[in-house]
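For reference, the structure is listed below as structure tokens.
Convention: sequence-line order gives letters A, B, ...; per-chain numbering from 1.
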Amino acid sequence: MENRLEELLHLPTLEVARRLLGAEIVRDLPEGRLRGRIVETEGYLHNDPACHAVREVPGGVCHRHTRRNDSMFGPPGRAYVYFTYGNHYMLNLVTEPDGIPGAVLIRALEPLEGVEIMLAHRQVDPRNLTNGPGKLTQAFAIGKDLDGHDLSQPPLQIIPGDPLPDAEIVTTTRIGITRAVDKPWRFYIKGNPWVSRK
DNA sequence: TCTTAGATGCGCT
DNA sequence: GCGCATCTAAGAA
């Protein structure tokens with residue numbers, strides 16, 4: 001039961017993104033325990049212009065290692081949490097070996113436990129609790145203090161389950177970006193009502 | 001149900 | 001100063 005996450009960390013980023021579908025996120029807070037099931041992910045790669053750790057240069061791309069994206073250059077299995085749009089935190093699982101940037105953005109969860117606590121963090125219609133990357137971090141009280149956190153350990157854990165059959169996984173282009181918009185690097189669980197958008 | 005615009009603050013150039 | 005891996009309220013239908 002221990003460290004099933006470790007097995008995923010040797011896989012390529014896009015494979016990790018698929019394997020995270022159906023995984024559980026467990027968040028331990030003073031108020032209680034929150035659990036959710038990952039239903040939507042996106043991959044961001046080392047040679048991907050949409051990735052925070054990549055910059056476009058004439059004739060191609062190169063890495064850009066800054067304080068903000070430092071976690072992505074570290075060992076896999078940690079969290080990359082960043083702040084954007086003046087309001088929102090985003091949660092990623094860092095992938096790829098130490099020194100090579102890569103990450104999987106967690107875009108949506110199906111709530112499993114602690115809904116009352118989530119509603120205390122987000123006073124919205126329950127259907128909108130965790131069906132978006134900024135929504136789920138607010139519901140789960142995930143902020144910059146968890147940037148770099150080892151996601152195999154409390155107070156924030158990712159616990160993978162068995163791989164889903166391919167027939168249950170939908171592959172599409174990514175959402176909310178302006179570069180590399182044609183890459184089919186977004187994945188979600190077919191028919192799941194908590195997916196942010198079809 | 002859908003589409004649109006404004007909010008919001010920080011990191012990077 | 002600009003640009004965001006977004007969300008919400010408001011308005012039309």
Side-chain angles (χ1 to χ4, degrees), chain A residues 12-18 20-21 23 25 36 38-58 61-74 76 78-96 100-111 118-149 151 156 158 170-189 193-198:
Chain A
T13 296
L14 295 180
E15 188 59 30
V16 177
R18 294 169 62 88
L20 282 183
L21 294 177
I25 289 196
I38 298 173
V39 301
E40 178 180 347
T41 60
E42 281 178 359
Y44 288 86
L45 311 189
H46 68 91
N47 57 355
D48 167 17
C51 180
H52 287 165
V54 175
R55 120 174 288 189
E56 287 179 290
V57 293
V61 297
C62 69
H63 287 170
R64 99 179 135 173
H65 189 162
T66 66
R67 194 172 83 259
R68 181 204 204 192
N69 64 31
D70 181 59
S71 294
M72 257 200 290
F73 286 87
R78 312 263 255 253
Y80 168 46
V81 179
Y82 69 91
F83 181 75
T84 191
Y85 287 108
N87 297 308
H88 305 294
Y89 291 97
M90 302 287 150
L91 172 65
N92 297 253
L93 169 69
V94 173
T95 57
E96 304 296 334
I100 301 177
V104 174
L105 172 67
I106 310 302
R107 281 198 58 91
L109 302 176
E110 175 180 338
M118 298 181 207
L119 281 169
H121 296 155
R122 268 178 69 69
Q123 300 170 34
V124 296
D125 182 282
R127 282 208 59 77
N128 289 89
L129 258 189
T130 55
N131 59 342
K135 299 177 186 179
L136 70 91
T137 54
Q138 187 183 11
F140 275 60
I142 294 168
K144 192 146 188 255
D145 53 309
L146 288 167
D147 185 37
H149 171 72
L151 287 170
L156 180 63
I158 292 181
V170 178
T171 303
T172 71
T173 53
R174 295 175 292 183
I175 289 181
I177 56 173
T178 57
R179 297 184 288 267
V181 293
D182 57 316
K183 300 292 190 258
W185 294 342
R186 171 174 176 253
F187 309 94
Y188 65 85
I189 298 180
W194 298 93
V195 169
S196 69
R197 178 170 176 251
K198 278 187 159 182

Which residues share a ring-ring contact (aromatic ring centres under 6.0 Å, His included) with Phe83(A), sequence neighbours left out = Tyr89(A)
ask   = Can you name the residues that form a side chain to side chain contact (heavy atoms under 4.5 Å, CB included) with Val170(A), not counting sequence neighbours?
value = Thr172(A), Tyr188(A), Lys190(A)
message = Under the rule for side chain to side chain contact (heavy atoms under 4.5 Å, CB included), what residues qualify as partners of Asp182(A), not counting sequence neighbours?
response = none
ask   = What residues, two or more places apart in sequence or in another chain, satisfy salt bridge (charged side-chain N to carboxylate O under 4.0 Å, His left out) together with Glu96(A)?
value = none
query = Does Arg18(A) have any salt bridge (charged side-chain N to carboxylate O under 4.0 Å, His left out) partners at least two apart in sequence or in another chain, and if so, which?
reply = Asp166(A)
Name every donor-acceptor pair, under 3.5 Å, that has one atom in a side chain of residues 140-148 of chain A and the other anywhere in the protein, sequence neighbours excluded.
from: Asp147(A); atom 1: OD1; to: Ser71(A); atom 2: OG; distance (Å): 2.9
from: Asp147(A); atom 1: OD1; to: Val81(A); atom 2: N; distance (Å): 3.0
from: Asp147(A); atom 1: OD2; to: Ser71(A); atom 2: OG; distance (Å): 3.4

query = side-chain hydrogen bond (donor to acceptor under 3.5 Å, both in side chains) with Arg68(A): which residues, sequence neighbours excluded?
reply = none
task = Give a yes/no answer on whether the side chain of Arg186(A) brings an N or O atom under 4.0 Å of OP1 or OP2 in dA5(C).
result = no
Pull out every protein N or O sitting under 3.5 Å from an N or O of nucleotides 8-11 of chain C, one pair per line with the distance.
from: dT8(C); atom 1: OP1; to: Arg122(A); atom 2: NH1; distance (Å): 2.8
from: dT8(C); atom 1: OP1; to: Arg122(A); atom 2: NH2; distance (Å): 2.7

Residue pairs, two or more places apart or on separate chains, that pass salt bridge (Lys or Arg N to Asp or Glu O under 4.0 Å) and touch residues 40-58 of chain A = Glu40(A)-Arg107(A), Glu40(A)-Arg186(A), Glu42(A)-Arg107(A), Asp48(A)-Arg174(A)
note = Expected string for nucleotides 6-13 of chain B under the B/S/- scheme (protein heavy atoms, under 4.0 Å, primed atoms plus P, OP1, OP2 as sugar-phosphate) is -BBB-SSS
ask   = Looking at residues 42-50 of chain A, who's got a heavy atom less than 4.0 Å off DNA chain C?
value = Tyr44(A), Ala50(A)
query = DNA chain B in dot-bracket, Watson-Crick or G-U pairs under 3.5 Å, [ ] crossing, | other strand?
reply = |||||||.||||.
